[in-house]
Amino acid sequence: MNPNNNLRLNKQQMEAVAVTDGALLIIAGAGSGKTRTITCRIAAMLEEGILPSEILALTFTNKAAREMAHRVRGLTGKAAQELTLSTFHSFGAKLLRESIHHLGYKTNFSIYDTADAVSAIKEAARDLKYSRDAVDGYKLSQLFSGIKTGRLTWDRQNDQFRELYTEYQDYLKSRNAVDFDDLIILPKMILSSKPDVLKIYQKRYRYFMVDEFQDTSSNQYELIRLLAKKSGNICVVGDDDQSIYSWRGADFGNILRFEKDFPNSREIKLEQNYRSTRTILNAANSLIINNQNRKEKNLWTGSDAGSFIELHYPEDEDEEGILIAEMIKSLKIREKIRYSQVGVLVRANTQTRPLEAAFLAENIPVKVSGGTSFYQRKEVKDLTAYLKVFANPDDDVNFLRICNVPRRGIGRQTLLQIRAYGEEKNYSLYSSLAALCHAADSPFPERQKNDLIEFHSLMEELGGKMKSGKKMAKTVRELVDKTGYWPYLITEHPGNDRIARFKYSNIMSFIDQLESYEKDPDVMDPSLQGFLNRITLITRDDDADADSQDKINLMTIHSAKGLEFDIVFLPGVVEGIIPHARSLEEDSRNIEEERRLFYVAITRARKRLHICVPSRRRYLRDIMDCAPSPFLTELPEEVLQHNEGAEVVEKEEADHFFDAIKARFK
DNA sequence: GCATTCTGTATTTTT
DNA sequence: TACAGAATGC
């Protein structure tokens with residue numbers, strides 16, 4: 001490693017880098033150079049001669065994993081391909097691909113995302129002959145997830161769904177499918193019940209690192225503890241003040257458990273903030289101090305006070321959008337900021353709409369992360385479903401999704417018969433269909449049979465090609481072509497071929513992604529499964545080249561964790577949004593988590609922070625008045641500047657500027 | 001089997 | 001508001 005890299009570390013950071021053996025707990029405040037510290041630490045370990053293949057580093061999001069891989073590469077000058085750097089979930093998936101047979105699944109299992117799980121629950125309910133309106137698939141999926149992860153227990157209220165829960169579990173297993181929770185739970189089960197298997201992994205991995213440790217669930221913690229207890233070399237990095245995923249089972253009590261489980265662990269606190277101005281840090285500190293349930297820390301900075309935190313009071317959300325758009329434009333003109341250095345952070349995805357509209361109107365390029373992700377779009381999901389059935393023909397949920405999409409004459413009645421046949425013989429739907437194509441006891445007339453045969457041979461032909469792992473993109477193009485997906489899109493959207501074309505372009509970019517996956521030199525052994533793993537676990541569309549473009553970043557606070565921007569805008573800082581009404585309804589103690597969320601939002605800003613407090617907002621159908629967020633009263637008045645009127649760049653100045661830009665690109 | 005109309009209801013946050 | 005799912009009709 002270049003020794004200069006060490007020079008940029010402070011005393012505590014250096015200490016953290018130097019301690020590579022044993023257990024280490026790093027409490028890293030917001031902006032305290034955490035990522036730099038742990039990437040340096042990995043680099044130092046490699047320098048020491050520790051093999052990259054012995055290191056397992058887990059992060060919370062794919063974005064963070066990629067960022068870290070990128071930085072390690074930058075430090076060591078080498079692509080550390082052997083290094084395992086992934087999210088908990090993709091690590092779990094990887095482990096299961098190797099070892100799931102110990103639990104009686106086949107290695108080509110499907111991974112069900114939330115939507116798939118909801119369908120599976122509905123199917124299970126169907127099998128139990130529940131009436132359709134007795135089940136709210138979405139709510140049940142949350143309940144089942146809670147039960148599975150141990151976050152919830154059966155009580156009087158939900159006890160009626162116990163049977164369905166069991167049925168759902170059986171359904172998954174018989175279809176050779178796992179859900180997101182299983183990606184953590186099943187590896188944990190394997191490792192805790194099969195000592196030989198545990199040994200294999202303990203031998204393979206001897207150094208462990210967990211980023212965003214405050215957001216690990218108890219199952220995730222248990223998983224890593226099993227692996228790490230042999231070597232004892234484990235470093236976890238976290239900040240209890242930034243724990244914002246408790247609704248997903250995150251438990252920063254793991255920080256305390258860690259100290260118990262690894263009694264010789266050392267603790268290092270990183271408390272110097274390098275990111276924000278003194279003003280911003282001051283506000284953040286005075287906010288978070290209102291939380292009772294936290295580890296004491298003292299985050300400080302050597303930087304200047306910087307400018308005030310500005311508050312704005314637009315009439316409603318539309319005006320708020322316009323106001324923000326105009327401020328951004330004005331900054332662009334007056335201070336020549338880069339758009340990519342602006343973050344607009346919202347509490348809920350629904351808030352993005354008026355903002356997007358305003359940015360569009362002002363021609364501000366924007367990168368939205370969140371909302372319906374690319375992979376959730378119907379057309380992309382359809383294609384993915386085909387791929388999943390290719391990989392795992394027992395995957396009934398995905399079979400159901402595509403067996404008549406585009407329409408090919410396999411409708412409700414036909415399906416009913418396929419089902420009946422399958423139940424009798426204990427076949428999956430796809431196998432039943434295959435059997436019924438030629439079976440002597442087939443109940444179908446000739447014409448119908450031909451529809452089935454045609455579908456089946458298409459699937460067999462393309463499935464065979466896909467499984468070879470070669471020319472997959474080409475095969476998918478063929479699939480789109482042969483199924484007539486484009487004409488299907490047109491008939492689905494009569495008189496609106498813009499939508500059809502948009503959807504088709506999504507399909508094309510999906511195929512492009514497959515193609516670049518196939519050609520990616522970092523992917524050692526491209527396969528259909530590998531690609532499916534990747535796309536079901538990457539929910540946010542974070543294509544790499546979008547980063548290089550100069551766009552402002554519009555996203556939820558949750559997904560902004562770990563990021564930083566020179567200028568941050570927080571729209572909709574009103575009661576009911578932050579803290580979110582729903583969250584408090586659930587449990588009034590959630591106020592502390594909401595406060596942490598606001599804390600995370602504030603601490604994303606390096607230089608400037610704009611907080612917007614609209615006086616009215618849309619709620620469902622109607623418009624209602626709203627009060628400023630109570631958290632605002634927890635910020636010290638002396639760092640705030642209230643702006644009653646909007647300061648706008650004169651239109652002429654703006655036009656002139658943008659004409660100049662346009663001229664340059666002509 | 002398929003297209004149309006109608007109805008309800010809502011998801012706050014993400015792997 | 002907007003979307004998904006059900007009911008209805010052809």
Side-chain angles (χ1 to χ4, degrees), chain A residues 58-65 86-93 111-119 122 131-133 135-139 141-142 145 149 178-185 212 215-217 219-220 243-250 345-354 369-373 375-376 378 404-416 447-448 451 488 491-492 494 533-540 542 555-561 572 576-586 590 593-594 596-598 600-601 618-623:
Chain A
L58 296 176
T59 64
F60 199 63
T61 61
N62 295 295
K63 211 188 264 166
S86 68
T87 63
F88 268 101
H89 285 83
S90 37
F91 173 69
I111 299 171
Y112 280 1
D113 64 19
T114 319
D116 294 334
V118 169
S119 310
K122 286 184 181 165
S131 81
R132 235 167 260 137
D133 35 349
V135 286
D136 178 335
Y138 179 76
K139 282 222 177 85
S141 74
Q142 299 207 314
S145 168
T149 53
V178 303
D179 63 20
F180 276 153
D181 296 321
D182 288 332
L183 291 178
I184 310 296
I185 307 267
E212 307 286 8
D215 285 325
T216 51
S217 67
N219 287 305
Q220 289 169 331
S243 167
I244 53 176
Y245 283 93
S246 73
W247 49 276
R248 224 179 80 183
L345 312 182
V346 296
R347 169 72 240 263
N349 279 311
T350 48
Q351 291 172 264
T352 56
R353 226 165 269 171
S369 29
T372 350
S373 99
Y375 300 101
Q376 309 276 35
K378 185 182 175 303
N404 205 27
V405 173
R407 301 213 164 77
R408 54 172 71 87
I410 305 179
R412 216 171 22 217
Q413 289 307 316
T414 315
L415 210 49
L416 228 49
R447 231 206 84 213
Q448 191 104 68
D451 285 343
Y488 165 75
T491 55
E492 282 298 284
N533 271 356
R534 177 181 287 210
I535 62 172
T536 29
L537 295 173
I538 296 182
T539 40
R540 303 260 154 243
D542 38 11
M555 64 179 82
T556 63
I557 301 170
H558 280 90
S559 46
K561 196 173 67 159
I577 293 198
I578 185 151
H580 203 282
R582 262 222 159 61
S583 156
L584 296 184
E585 246 167 59
E586 210 172 77
N590 285 343
E593 174 138 330
E594 294 291 312
R596 289 193 292 267
L597 206 42
F598 194 46
V600 169
R618 242 188 295 273
Y619 181 69
L620 298 185
R621 254 182 216 82
D622 37 38
I623 293 171

Exercise for the section: Measure the distance from CG on A:D181 to P on B:dT14 and round it to the nearest whole Å. Expected result: 16 Å
Exercise for the section: Just compare B:dA3, B:dT15, B:dT14 and give me whichever is closest to any side-chain atom of A:R407. Expected result: B:dA3
Problem - A:S246 backbone acceptor or donor facing A:E593 side chain under 3.5 Å - result: yes
Problem - A:I577 CD1 to B:dT13 C1', straight-line distance once rounded to whole Å - result: 13 Å
Problem - Nucleotide nearest A:N404 (side chain, heavy atoms from C-beta), chosen from C:dA2, B:dT13, B:dC2 - result: B:dC2
Handout entry: Value in whole Å for how far the P atom of B:dT14 lies from CD1 of A:I244
Key = 9 Å
Practice task
Figure out the CD/C1' separation between A:Q351 and B:dT12, and round it to whole Å.
Solution key: 10 Å
Exercise for the section: For A:N590 and B:dT13, give me the distance from atom CG to atom P, rounded to whole Å. Expected result: 15 Å
Handout entry: Proximity to the side chain of A:H580 - top-ranked nucleotide from B:dT12, B:dC2, B:dT13
Key = B:dT12
Exercise for the section: Round to the nearest Å and state the distance from A:I111 atom CD1 to B:dT14 atom P. Expected result: 20 Å
Problem - Integer-rounded Å distance: B:dT13 P and A:W247 CH2 - result: 8 Å
Exercise for the section: Would you please confirm or rule out a distance under 4.0 Å between OP1 or OP2 of B:dT14 and any side-chain N or O of A:T556? Expected result: yes
Exercise for the section: Consider the side chain of A:N349, meaning its heavy atoms from C-beta on, and name the nucleotide among B:dT15, B:dT13, C:dA2 that approaches it most closely. Expected result: B:dT13
Problem - Closest to the A:Y245 side chain, choosing from B:dT15, C:dG5, B:dT14 - result: B:dT14
Exercise for the section: Scan A:T414 against the nucleic acid and name what it touches under 4.0 Å (heavy atoms): base, sugar-phosphate only, or nothing. Expected result: sugar-phosphate
Fill in the blank from the handout: When rounded to whole Å, the NZ to P distance for the pair A:K122 and C:dG5 reads 5 Å
Completion exercise
Those residues at least two apart in sequence (or on a different chain) that pass salt bridge (charged side-chain N to carboxylate O under 4.0 Å, His left out) with A:R582 are none
